[in-house]
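Report on one structure; see the data block that follows.
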Amino acid sequence: MAYNHEKIEKKWQRTWEKLEIFKTKQNSSKPKFYCLDMFPYPSGDGLHVGHPRGYIATDIASHLYRRKGHNVLHPMGWDAFGLPAENYALKTKVRPRISIKKNVKTFTKQLKSLGFSYDWSREINTTDPEYYKWTQWMFLQLYKNGLAYRKEVPANFCPSCKTILANEQVVEGKCERCDTEVEQEKVEQWMFKITNYAESLLNDLDNLDWPDTTKAMQRNWIGRSEGTEINFSLGKENKLKVFTTRPDTLFGCTYLVIAPEHEIITELKSQILNLGQVKKYIKDSKKRSERERISETKIKTGVEIKGIKAINPVNNREIPIFVADYVLASYGTGAIMAVPAHDQRDFEFAKKYNLPIIEVIKSDRKPKLPEKAPLTVTGGGFQQAYEGKGILINSDRFNGLDSDTAKKRISEKLVKENTAKDTVYYKLRDWIISRQRYWGSPIPMVYCEQCGWQPVPEKELPVILPEIRDFKPTGKGDSPLAKSEKFIKAVCPKCGGRAKRETDTMDTFVCSSWYHFRYADPQNEKEFASKKNLKKWLPVDLYIGGAEHAVMHLLYSRFFCKVLYDLKFIGFQEPFLKLRHQGLILAAGGVKMSKSKGNVINPDDIVKDFGADTLRTYETFMGPFTDAIAWDTKGMIGVKRFLDKIYKFKSKIHNSSNSSLNRLVHKTIKKVTEDIQNFKFNTAISQLMILANEMDKQDQIPKNAYKVLLQLLSPFAPHLTEELWQEINQKQEIKIKDSIHSQKWLKYNPKLVLEETIQLVVQINGKVRDKIMVNAEITKKEAEDLAKTQEKVQKWLEGKEIRQIIFVPRKLINIVV
RNA sequence: GCCGCGGUGGUGAAAUUGGCAAACACGCUGGGUUUAGGACCCAGUGGGAGCAAUCCCUUGAGAGUUCGAGUCUCUCCCGCGGCACCA
């Protein structure tokens, strides 16, 4: 018979809340464990079955560590700024503050219905002025230390909506609202100098217990590359600096290419003979860039800058200079040395414009496939550049050297001659944090005609986000806030004169870059968190959330942490010591759950029909925690049967201690404890099922074994196990210490984990031929003798000579004949 | 193209890290029970041969190392995720 999950679950949720059993103890000498979920955006759709997968994992970990004697911080909050609320307001006229409030209420109710052990007294919301006051304060710290600055950068502009769009609002090169093709427009934006931290963001990854994939993504994103900056003389005084990772190919450099934005075009415009043509190309490429990026065909175009030549420093040859948009202004020096024989892009460009191709590297490996038509100085039948390493040719006195040695020698020579310098470049760009949106934290800056940009004094924070009615863009690329006269009007903090407030708001990722600090001290009015509390709780010991944040949130938070460390607010350089990503939960058939497909599973329905315990246990049992997995209601019924089975056991409990289950019980304690710590929840449940199946076979279940089963299952199914636990104990009034969730975590007896008698596998030449029951401590000699007496073994040994015997204690004996 | 992850029954998966492949669960088949069930109980369930004992084959493909490979090495194929004109 099924148990009444609705009644049981509500009852215990109320009791736990009344007892404040999961409230974090501030004054405790126990070691701390900070167990954190990535806080959700409270969307209008409510909780999705995918959300709890991660929350269940942190909840199980929190239960385990609490009961292993740790003081656990396990909080929840809301990342509630962001575009959806603003779009919703545009559509329905419901103000973001109102819709978000409603959504938070729904989310809270849903989370509470799952029985999570959060300390709700520490709940935070990024849209509360008490919270974003400190987001603004963070901005000011960055500004004061030269890490926040304003700069003109290209941004996405929709000519129809007349507004700047965030990257997320650009779908396949078009505006998500009106489908108009987006243009690149240069606009002044606030930026964070994350590039200052490229080196430590990269190096410190090594010591983090994070998924390799995530670390690899961050390394990739930061994109460190070592190379040489080489100065090419342009005759007279002028020089052009290029960056290359392949100085060994310098003899093969037959032209230079600069990005359209390169400043040398303006600097030397008087010398350029075809200035009109060059300017036209630059103008066209601006239009091209966005569309070209989308269309896969990357046709290389460019224009020679006539009237200026460069000198290749290794051989003093005069080479032409081109402007082409396949060279990016934002990477390296915005200029490259083109080596068409050994770079595919340069090769394509050279072919198109009929430029010389000089082969300088010969592959030193034998080709796997028949060799392609060889490269020649004159060009000809070959199709591809050879981009690998090899032996130098056509390189004067460097001929015969291998690429690596040549790299060093050539760069050494140039460094000595003062025409080059070894450097490191990163792909990482500074972080644009300005958003032309309403629903975000205001940027605490004012602009004074006399004094320029001035920070709002700290004591005037927060700059309150005003309530407005009209969320339509202004048409000038400003945030909707620009229409609020009252908001804009400000006093210059420096001269006291009239000033204008910044109307852009901050990227929501700024709000979520420091929230984990706030949980340590959520009500503090004087600091973002006190030094004492930061020291007590941070860094986060276990952090769980989606892999989609691998580079954005997780990189930004690391950046903030390093800044706050350098500014001496905190004493550690990494915010999240251990990180795991939950896998996606897909709809039946392995497709994404989506409203439009109508295949979304609502957790409320599952809780109502099967119970929170079933949902929690099923989501851990359905497969490996980090794998994407399809929802299967049938599979969940199996878990429900398992819980029902345990409920039924209560009629079979017996006081006498039957020891037949003893070894299995201890094995289960070991397996479940280790599995939880290793995020192998699915096999922890399997083991509990094995124990339950074994108990099911018994006529009477010893009380002690039953209590172990309940305790081990309690982090997964907290309500049912509490109910059954209290039925055994039959206390009139329940105190915190009586709860199953307050019981000390069980220890296993190492002696009882190993079986006394085991099945020894007998192999002949590696093939299993027999299995014999033996004492676990059997020696090699004994096992050999015993094996040889077996009929089946004898059959296989007949007339053969034994060459070798391999014995693995407790496992097998392999006779090689 | 580059980086990363993965490929095991009808399905989700497990395999003590080199030692019995398929635990646990779903589904299915047969039987029991029930007015009925998303109910419960029992038995079976990778493929092939055989009445059976038993034997052979099997972890994307192929090779290699080893007494022994799902696990390690190499080559290739396929799928997923991220980045992508980064010099």
Side-chain angles (χ1 to χ4, degrees), chain A residues 1-2 211-221 223-225 227 242-246 249 257 259 289 292-293 296 298-300 324-328 330-339 342-346 348-349 368 387 425-429 547-548 550-551 584 588 590 609-610 618 621-624 626-642 644-645 648 670-671 674 680 682-690 692-693 696 759-771 792 795 803-808 810-817:
Chain A
M1 200 194 68
D212 288 338
T213 47
T214 307
K215 289 197 203 179
M217 264 192 230
Q218 292 213 349
R219 286 196 187 102
N220 228 316
W221 188 263
R224 181 180 201 270
S225 79
V242 306
F243 175 66
T244 182
T245 55
R246 293 295 301 269
T249 64
V257 190
S289 61
E292 289 305 308
R293 207 185 302 156
E296 288 297 317
K298 282 158 188 164
I299 305 149
K300 282 164 190 60
D325 61 9
Y326 81 89
V327 172
L328 306 174
S330 50
Y331 183 77
T333 61
I336 60 150
M337 58 176 232
V339 184
H342 303 292
D343 181 287
Q344 188 58 24
R345 295 155 302 180
D346 298 342
E348 282 163 27
F349 191 83
K368 274 181 292 182
E387 294 187 328
Y425 273 101
Y426 296 91
K427 283 189 209 170
L428 185 69
R429 308 290 153 82
E548 69 274 16
V551 275
L584 285 175
D609 296 345
F610 299 92
Y618 172 59
F621 180 63
M622 65 195 302
T626 52
D627 288 9
I629 206 156
W631 185 268
D632 176 18
T633 301
K634 286 258 175 64
M636 190 178 55
I637 289 164
V639 170
K640 176 76 165 113
R641 281 182 196 148
F642 164 63
D644 282 337
K645 184 185 280 179
K648 279 186 298 188
K670 179 173 193 276
K671 177 116 181 95
E674 288 172 359
K680 292 166 83 175
N682 51 336
T683 50
I685 296 296
S686 301
Q687 184 63 34
L688 288 168
M689 284 174 170
I690 292 169
N693 290 345
D696 203 26
Q759 201 182 46
L760 190 77
V761 171
V762 183
Q763 294 184 337
I764 315 285
N765 285 349
K767 293 209 169 179
V768 181
R769 294 306 180 188
D770 203 1
K771 295 163 188 179
K792 285 182 206 163
K795 197 179 93 192
R803 293 223 324 256
Q804 198 185 352
I805 307 247
I806 285 133
F807 178 68
V808 183
R810 295 187 164 272
K811 288 213 171 81
L812 60 74
I813 181 159
N814 186 11
I815 302 171
V816 185
V817 295

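In what follows, chains are A, B, ... by sequence order, proteins preceding strands, each numbered from 1. Keep in mind that the numbers below use all heavy atoms, side chains included, and drop hydrogens, waters and symmetry copies.
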Among [options], the nucleotide that comes nearest once only the side chain of [X] is considered:
X	options	answer
Ile629(A)	C67(B), C85(B), A13(B)	A13(B)
Lys811(A)	A87(B), A25(B), G19(B)	G19(B)
Thr213(A)	C67(B), G4(B), C24(B)	G4(B)
Phe621(A)	A87(B), C85(B), C24(B)	C24(B)
Asn682(A)	C26(B), C57(B), A13(B)	A13(B)
Thr683(A)	A87(B), G82(B), A14(B)	A14(B)
Pro624(A)	A14(B), A25(B), G19(B)	A14(B)

With heavy atoms under 4.0 Å as the rule, sort [X] into base, sugar-phosphate or nothing.
X	answer
Val327(A)	base
Ser330(A)	nothing
Phe642(A)	nothing
Asn693(A)	sugar-phosphate
Gln687(A)	nothing
Ile690(A)	sugar-phosphate
Lys771(A)	base
Asp343(A)	nothing
Lys640(A)	nothing

Legend entry - Geometric class of the Tyr618(A)/Trp631(A) ring pair [parallel <30°, tilted 30-60°, perpendicular >60°]: perpendicular
Inset, instruction - If the plane angle is over 60° it's perpendicular, under 30° parallel, otherwise tilted; pick one for Tyr326(A) and Phe349(A). - result: tilted
Distance below 4.0 Å between [X] side-chain N/O and [N] OP1 or OP2:
X	N	answer
Lys680(A)	A15(B)	yes
Tyr331(A)	A87(B)	yes
Lys634(A)	C28(B)	no

Inset, instruction - Give a yes or no answer on whether the side chain of Asp632(A) reaches the backbone of Lys634(A) with a donor-acceptor pair at less than 3.5 Å. - result: yes
Legend entry - Which residue lies more 5' along RNA chain B, comparing Ala628(A) with Ser686(A) via nearest heavy atoms: Ala628(A)
Inset, instruction - Find which nucleotide of RNA chain B each of Thr214(A) and Val639(A) is nearest to by heavy atoms, and output the residue with the more 5' nucleotide. - result: Thr214(A)
Is any N or O donor-acceptor pair between the side chain of [X] and the base of [N] shorter than 3.5 Å?
X	N	answer
Lys300(A)	C85(B)	yes
Gln759(A)	C20(B)	yes
Gln344(A)	G1(B)	no

Interatomic distance, [X] [atom1] vs [N] [atom2] [rounded to whole Å]:
X	N	atom1	atom2	value
Lys215(A)	C5(B)	NZ	P	12 Å
Glu548(A)	G82(B)	CD	C1'	13 Å
Arg810(A)	U17(B)	CZ	P	14 Å
Asn814(A)	G19(B)	CG	P	13 Å

Inset, instruction - Write down the atom of Met622(A), the atom of Ile629(A), and the distance for their closest heavy-atom approach. - result: O-CD1, 2.9 Å
Legend entry - Torsion-based syn/anti label for G9(B), 90° from 0 as limit: syn
Inset, instruction - Could you tell me whether U17(B) is syn or anti, where syn means a glycosidic angle within 90 degrees of zero? - result: syn
Legend entry - Bracket notation of RNA chain B in which parentheses pair within the strand, [ ] cross earlier pairs, and | pairs with another strand (Watson-Crick or G-U, under 3.5 Å): (((((((..(((......[....)))((((((.......))))))((((....))))..(((((..]....))))))))))))....
Legend entry - Check ion pair Asp644(A)-Lys648(A) (N to O, under 4.0 angstrom): no
Inset, instruction - For each nucleotide in nucleotides 41-55 of chain B, reading 5' to 3', give B when a protein heavy atom comes within less than 4.0 Å of its base, S when such contact involves only the sugar-phosphate, and - otherwise. - result: -------------SS
